[in-house]
Amino acid sequence: MREAPTTLPGFRLWPGLLDGAEQAALLAEVRQGLETAPLYRPLTPGGRPFSVRMSNFGALGWVSDRQGYRYQPTHPATGAPWPAIPARLLSLWDALTGWPGPPDACLVNLYQDAAKMGLHQDRDERDLTAPVLSISLGDTAVFRIGPAKGGATASVRLASGDVCALTGPARLARHGIDRLLTGSSRLLPGGGRVNLTLRVAS
DNA sequence: CAGTAGCG
DNA sequence: GGCT
């Protein structure tokens, strides 16, 4: 599968990398993990709820609450360790990133209806040179990305099966999700989008 | 604070 | 749409 050219150096995009069967198989593994680590709605440190629901796989999970942002080894509601990262995601990481080690965190974000994610930077990881890999499943999202220090952003549609990465000069790019194109995919029975974000947290 | 509103 |  070809890699598409992008405007921002270091932002890599592989449209349609996962075919329908691969998307369905991955989604089944995600659903299985979510039985152990149920989706929940986090709060910002200021106490406002996210519109997205979250969970995590891997040794460490990204969480937000009144205490702040951090990575922790257990689910905030159940106290249990996060489920393992599915092997096919680890293979994808190996195939697409040149990074010498595996990711130890996989954030699971579920967008439904009007859920969105404001512009932000991923900067809670110990080594900010390790890439971030993102997999989209379900409804197409309108993704926005711009330079780390502010300025003009670009809008990019992320469809089911697309994979993208923030690498090198784009590692600290500001990015977010403006909205979903509802009804654009039938992968999730009730509609919506699952985003999987692989990171080296520690 | 990965949220939101108001300004311009 | 970007900044505060």
Side-chain angles (χ1 to χ4, degrees), chain A residues 6-13 30 34 37-77 82 85 89 103-158 162-167 169-181 192-202:
Chain A
T6 62
T7 330
L8 196 69
F11 174 58
R12 307 181 65 186
L13 174 62
V30 169
L34 293 178
L39 292 161
Y40 63 98
R41 192 181 305 275
L43 298 178
T44 67
R48 294 179 170 270
F50 283 69
S51 57
V52 170
R53 289 193 294 158
M54 294 186 181
S55 187
N56 290 274
F57 301 150
L60 292 170
W62 186 87
V63 300
S64 172
D65 58 23
R66 300 153 205 79
Q67 320 303 327
Y69 304 148
R70 65 192 176 278
Y71 283 94
Q72 67 176 39
T74 55
H75 191 289
W82 305 105
I85 299 176
L89 289 178
D104 56 5
C106 176
L107 177 61
V108 181
N109 284 157
L110 174 66
Y111 295 80
Q112 284 185 309
D113 305 310
K116 55 191 164 48
M117 178 78 71
L119 274 189
H120 67 278
Q121 295 172 290
D122 290 13
R123 53 180 307 158
D124 300 315
E125 300 74 37
R126 180 126 67 202
D127 183 352
L128 295 178
T129 68
V132 172
L133 191 71
S134 164
I135 298 97
S136 295
L137 296 172
D139 283 335
T140 296
V142 181
F143 178 72
R144 179 167 297 281
I145 183 168
K149 295 184 175 179
T153 59
S155 182
V156 178
R157 281 143 97 114
L158 296 180
D162 290 356
V163 179
C164 65
L166 299 176
T167 72
R171 176 58 180 78
L172 290 176
R174 288 151 52 93
H175 59 283
I177 296 292
D178 288 345
R179 63 191 174 92
L180 295 187
L181 303 183
R193 169 178 185 259
V194 171
N195 184 67
L196 305 167
T197 309
L198 297 168
R199 305 191 183 97
V200 179
S202 65

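Quick note on labels: first sequence line is chain A, next is B, and so on, each numbered from 1.
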A.B. asks: Touch check for A:Asn109, heavy atoms < 4.0 angstrom, all strands: base, sugar-phosphate only, or nothing?
C.D. replies: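 No contact at all - A:Asn109 keeps every heavy atom at 4.0 Å or more from the nucleic acid.
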
A.B. asks: In terms of side-chain heavy atoms of A:Phe50, which of B:dG3, C:dG2, B:dT4 is nearest?
C.D. replies: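 Shortest atom-to-atom distance from the side chain points to B:dG3.
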
A.B. asks: For A:Arg48, give me all partners under salt bridge (Lys or Arg N to Asp or Glu O under 4.0 Å), at least two apart in sequence or on another chain.
C.D. replies: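 None.
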
A.B. asks: Mind calculating the distance between CG (A:Asp65) and P (B:dA2) to the nearest angstrom?
C.D. replies: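 Interatomic distance, CG of A:Asp65 to P of B:dA2: 15 Å.
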
A.B. asks: Describe the nucleic acid contact of A:Arg144 in one word from base, sugar-phosphate, nothing, applying a heavy-atom distance below 4.0 Å.
C.D. replies: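 The residue A:Arg144 makes sugar-phosphate contact but no base contact.
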
A.B. asks: Nearest whole angstrom, please: distance from the C1' of B:dA2 to the CG of A:Asn56.
C.D. replies: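 Atom CG in A:Asn56 sits about 13 Å away from atom C1' in B:dA2.
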
A.B. asks: Name the nucleic acid region contacted by A:Gly151, choosing base, sugar-phosphate or nothing; use a 4.0 angstrom heavy-atom cut-off, strictly under.
C.D. replies: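 Sugar-phosphate contact only.
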
A.B. asks: Over how many whole Å does the gap from A:Gln121 atom CD to C:dC3 atom P extend?
C.D. replies: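 Result: 12 Å.
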
A.B. asks: Just the rounded figure in Å: distance from P of B:dA2 to OH of A:Tyr40.
C.D. replies: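 Roughly 16 Å, once rounded to whole Å.
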
A.B. asks: Looking at A:Lys116, I'd like to know whether one of its side-chain N or O atoms comes within less than 4.0 Å of OP1 or OP2 on B:dT4.
C.D. replies: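 For A:Lys116, the contact criterion (side-chain N or O under 4.0 Å from OP1 or OP2 of B:dT4) is met.
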
A.B. asks: Identify whether any heavy atom of A:Arg53 sits under 4.0 Å from a base atom; if not, whether one sits that close to sugar-phosphate; answer base, sugar-phosphate or nothing.
C.D. replies: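 Nothing, no heavy atom under 4.0 Å.
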
A.B. asks: Looking at every strand, decide which applies to A:Gly150 at a 4.0 Å heavy-atom threshold: base, sugar-phosphate, or nothing.
C.D. replies: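 Counting heavy atoms under 4.0 Å across all strands, the contact made by A:Gly150 is with sugar-phosphate only.
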
A.B. asks: Just by distance, do the side chain of A:Arg53 and the backbone of A:Leu110 share a donor-acceptor pair under 3.5 Å?
C.D. replies: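 Absent.
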
A.B. asks: To the nearest angstrom, how far is A:Lys149 atom NZ from C:dG2 atom P?
C.D. replies: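 Atom NZ in A:Lys149 sits about 18 Å away from atom P in C:dG2.
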
A.B. asks: Just say parallel, tilted or perpendicular for the rings of A:Tyr69 and A:Trp62, cut-offs at 30° and 60°.
C.D. replies: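 Rings of A:Tyr69 and A:Trp62: tilted, as their planes differ by 30° to 60°.
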
A.B. asks: So if I take every side-chain heavy atom of A:Arg48 and compare against B:dT4, B:dA2, C:dG2, which nucleotide ends up nearest?
C.D. replies: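 Nearest nucleotide to the side chain: B:dT4.
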
A.B. asks: Is the distance between the ring centroids of A:Phe11 and A:His175 under 6.0 Å?
C.D. replies: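 Not under 6.0 Å, so no.
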
A.B. asks: Rounded to whole Å, please give me the gap between CG in A:Leu172 and P in B:dA2.
C.D. replies: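 My rounded result for the distance is 14 Å.
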
A.B. asks: So which of A:Asp127, A:Thr129, A:Asp122 actually passes side-chain contact (heavy atoms from CB on, under 4.5 Å) with A:Glu125?
C.D. replies: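 Exactly one option meets the side-chain contact (heavy atoms from CB on, under 4.5 Å) with A:Glu125, and it is A:Asp122.
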
A.B. asks: Decide, yes or no, whether a salt bridge links A:Arg193 with A:Asp139 under the criterion of side-chain N to carboxylate O below 4.0 Å.
C.D. replies: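 Salt bridge between A:Arg193 and A:Asp139, a charged N being under 4.0 Å from a carboxylate O: no.
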
A.B. asks: Within this structure, what is the CZ-to-P distance between A:Arg66 and B:dG3, rounded to whole angstrom?
C.D. replies: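 One finds 16 Å between P of B:dG3 and CZ of A:Arg66, rounded.
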
A.B. asks: Run through DNA chain B and report every stem of 3 or more consecutive Watson-Crick or G-U pairs, distances under 3.5 Å, ordered by first number.
C.D. replies: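 The stems are B:5-7 with C:2-4.
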
A.B. asks: Taking atom C1' of B:dT4 as reference, at what distance in whole Å does atom NE2 of A:His120 sit?
C.D. replies: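 Spelled out: NE2 on A:His120 to C1' on B:dT4 is 16 Å.
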
A.B. asks: Is A:Thr44 touching bases, backbone alone, or none of the nucleic acid, heavy atoms closer than 4.0 Å?
C.D. replies: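 Sugar-phosphate, no base atom in range.
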
A.B. asks: Are there over 12 heavy-atom neighbours, none belonging to A:Arg41, within less than 6.0 Å of that residue's CZ?
C.D. replies: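 Yes, the 6.0 Å shell around CZ holds more than 12 heavy atoms from other groups.
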
A.B. asks: Starting the side chain at C-beta, find the nucleotide from C:dC3, B:dA2, B:dG3 nearest to A:Arg174.
C.D. replies: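 In terms of side-chain proximity for A:Arg174, the closest of C:dC3, B:dA2, B:dG3 is C:dC3.
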
A.B. asks: Is the closest side-chain heavy-atom distance between A:Ser202 and A:Tyr71 below 4.5 Å?
C.D. replies: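 When only atoms from C-beta onward are counted, A:Tyr71 and A:Ser202 do not touch, as no gap falls below 4.5 Å.
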
A.B. asks: Mind checking A:Thr153 for me? I need base, sugar-phosphate or nothing, with any heavy atom below 4.0 Å counting as a touch.
C.D. replies: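 It contacts sugar-phosphate atoms only.
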
